[in-house]
Colleague: 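Sharing a structure with you now.
Index from 1, following the sequence. Every number for a ligand or one of its atoms is a count from 1 in the order of the listing.
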Amino acid sequence: MRTVHTIKELRAFVRSQRSRGKRIALVPTMGNLHEGHIALVHEASNLADVVITSIFVNPMQFGAHEDLDAYPRTLAEDQDKLQAAGNALLFAPTANEVYPHGLGDQTRVAVPNVSEGQCGASRPGHFEGVATVVTMLFNMVQPDVAVFGEKDFQQLAVIRKLTTDLCFPIDVIGVPTVREDSGLAKSSRNGYLSNDQRQQASALYRELKVAGESLAAGSDDFAHISERATAALAAAGFRPDYFNIVNSLTLKPASPGESELTILAAAFLGTTRLIDNLSVTR
Ligand code: AMP
């Protein structure tokens, strides 16, 4: 597996693969790879001849008081994992390579509506940062297919919408969330948790499942389900951010009788913010 750090080298690799008629998949990540990321690489391998993974801790998607500096950077270990997973090229640019004129001078991509609630409300500018860097990666690589995790459900909705709205000829594929045995969704941010917090953390998925069962049983009392779950999370040691039941496609608050529902949740354990979600068809 090759690692390149510049857009020029990335493009040369893409050109050589294209000239051989290869189908290309892109897996964008921020690194510190775990089994969730590797599941995306495996899915990408099933869908294309050549997999390109990017590792870029994108400063544009972090708020001023978020964990940009603390975010784990483990390039050597990530390279080993990608090599073992059959990834062909790792693109690991610097911030200067991606934003040579700085963030203040960068053209941005704003995706209305789906970006606005949930994490969009709690993390202003976050999805604009995600949409901008994903658009840039789509233009740099011009992949046939791009693979993302359902773990970041709202992010996936934002990317699906920008792909449609900006007419990218790219298939966007979602991969189900890979979890620990406890149910905790694998996440680079789990590394911030103490042993005790890791035990507590499984309450997030547990409460999603409890809420999902109520929805599946036909309850439309969304406010009650959310309040109960929020109280249970607080009792388990979390500081809940949101626990919202939305329409799976629009991400607007669910209406009674709707059949495709997703519960989106975010909560802090100490200073670590965890997100998770559960979809219900009824
Ligand atoms: P990140 O490095 O956190 O930006 O994530 C890169 C990609 O991996 C995104 O598409 C995430 O949704 C996906 N991802 C992260 N965690 C998981 C997981 N536990 N299961 C499946 N996909 C994941």
Colleague: Taking Ser219 for the side chain and Leu215 for the main chain, is one N or O donor matched with an acceptor at less than 3.5 Å?
Modeller: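 Looks like no, no N/O pair under 3.5 Å.
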Colleague: Can you tell me the protein heavy atom closest to atom 5 (O) of ligand 1 and the distance?
Modeller: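 I find the closest protein heavy atom is His37 NE2, 3.4 Å.
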Colleague: Could you tell me whether the side chain of Ser16 and the main chain of Phe13 form a donor-acceptor pair under 3.5 Å?
Modeller: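 Yes.
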Colleague: Side chains of Thr94 and Glu97 only: does a donor on one sit below 3.5 Å from an acceptor on the other?
Modeller: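 No pair is found: no donor N or O on one side chain lies under 3.5 Å from an acceptor on the other.
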Colleague: Give the atoms of ligand 1, by number and element, whose distance to some non-hydrogen atom of Lys186 is under 4.0 Å.
Modeller: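 Result: 16 (N), 17 (C), 18 (C), 19 (N).
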Colleague: Decide yes or no for His37 and Ser188: does some side-chain heavy atom of the first lie under 4.5 Å from some side-chain heavy atom of the second?
Modeller: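 With C-beta onward as the side chain, the pair touches.
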Colleague: Under 4.0 Å from any heavy atom of Thr177, which atoms of ligand 1 are there?
Modeller: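 Once the distances to Thr177 are compared, the set is 19 (N), 20 (N), 21 (C).
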Colleague: Starting from atom 10 (O) of ligand 1, find the nearest protein heavy-atom neighbour and note its residue, name and distance.
Modeller: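 Answer for atom 10 (O) of ligand 1: Gly149 N, 2.8 Å.
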Colleague: Considering only heavy atoms of Pro176, which atoms of ligand 1 have at least one such atom less than 4.0 Å away?
Modeller: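 Every atom of ligand 1 under 4.0 Å from some heavy atom of Pro176: 21 (C).
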Colleague: N/O of Ser187 under 3.5 Å from N/O of ligand 1, yes or no?
Modeller: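 Ser187 vs ligand 1: no N/O contact under 3.5 Å.
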Colleague: I'd like to know if the side chain of Ser202 pairs up with that of Ser182 as donor and acceptor (distance under 3.5 Å, no hydrogens or angles considered).
Modeller: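 Looking only at side-chain atoms, Ser182 and Ser202 do not form any donor-acceptor pair under 3.5 Å.
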Colleague: How far is atom 20 (N) of ligand 1 from its nearest protein heavy atom, and which residue and atom is that?
Modeller: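 Sorting protein heavy atoms by distance from atom 20 (N) of ligand 1 puts Val178 N, 2.9 Å first.
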Colleague: Under 4.0 Å from a heavy atom of Thr29: which atoms of ligand 1 are those, numbered in the order shown and with their elements?
Modeller: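 The list of qualifying atoms is 2 (O), 6 (C).
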Colleague: Out of curiosity, is His34 lining ligand 1, as in a heavy atom under 4.0 Å away?
Modeller: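 Yes, His34 has heavy atoms under 4.0 Å from ligand 1.
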Colleague: State the atoms of ligand 1, each with its element, that fall below the 4.0 Å cut-off from a heavy-atom position in Pro28.
Modeller: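 Taking each heavy atom of Pro28 in turn, ligand 1 has 6 (C), 7 (C) under 4.0 Å.
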Colleague: Quick one: does any side-chain atom of Glu150 pair with a main-chain N or O of Thr177 as donor and acceptor, under 3.5 Å?
Modeller: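 Side chain of Glu150 to backbone of Thr177: no pair is present.
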Colleague: Indicate yes or no for a side-chain donor-acceptor contact from Ser259 to the backbone of Thr281 under 3.5 Å, with no hydrogens or angles considered.
Modeller: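 Flag not set: sc Ser259 to bb Thr281 has no pair under 3.5 Å.
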Colleague: What protein heavy atom lies closest to atom 4 (O) of ligand 1? Include the residue and the distance to one decimal.
Modeller: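 The answer is Met30 CG, 3.5 Å.
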Colleague: Under the 3.5 angstrom rule, does the side chain of Arg15 hit a backbone N or O of Ser19 as a donor-acceptor pair?
Modeller: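 No.
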Colleague: What is the ring orientation for Tyr99 with Phe56, classed by angle as parallel under 30°, tilted 30 to 60°, or perpendicular over 60°?
Modeller: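 The arrangement is tilted - the two ring planes meet at 30° to 60°.
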Colleague: Distance to 0.1 Å, residue and atom name: give those for the protein heavy atom nearest to atom 12 (O) of ligand 1.
Modeller: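 Answer for atom 12 (O) of ligand 1: Asp152 OD2, 2.6 Å.
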Colleague: Among all protein heavy atoms, pick out the one at the shortest distance from atom 13 (C) of ligand 1; state its residue, atom name and that distance to 0.1 Å.
Modeller: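 Checked against all protein heavy atoms, atom 13 (C) of ligand 1 sits closest to Leu40 CD1, 3.6 Å.
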Colleague: Which atoms from ligand 1 have a heavy atom of Phe148 less than 4.0 Å away?
Modeller: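 In order of numbering, the contacting atoms are 10 (O).
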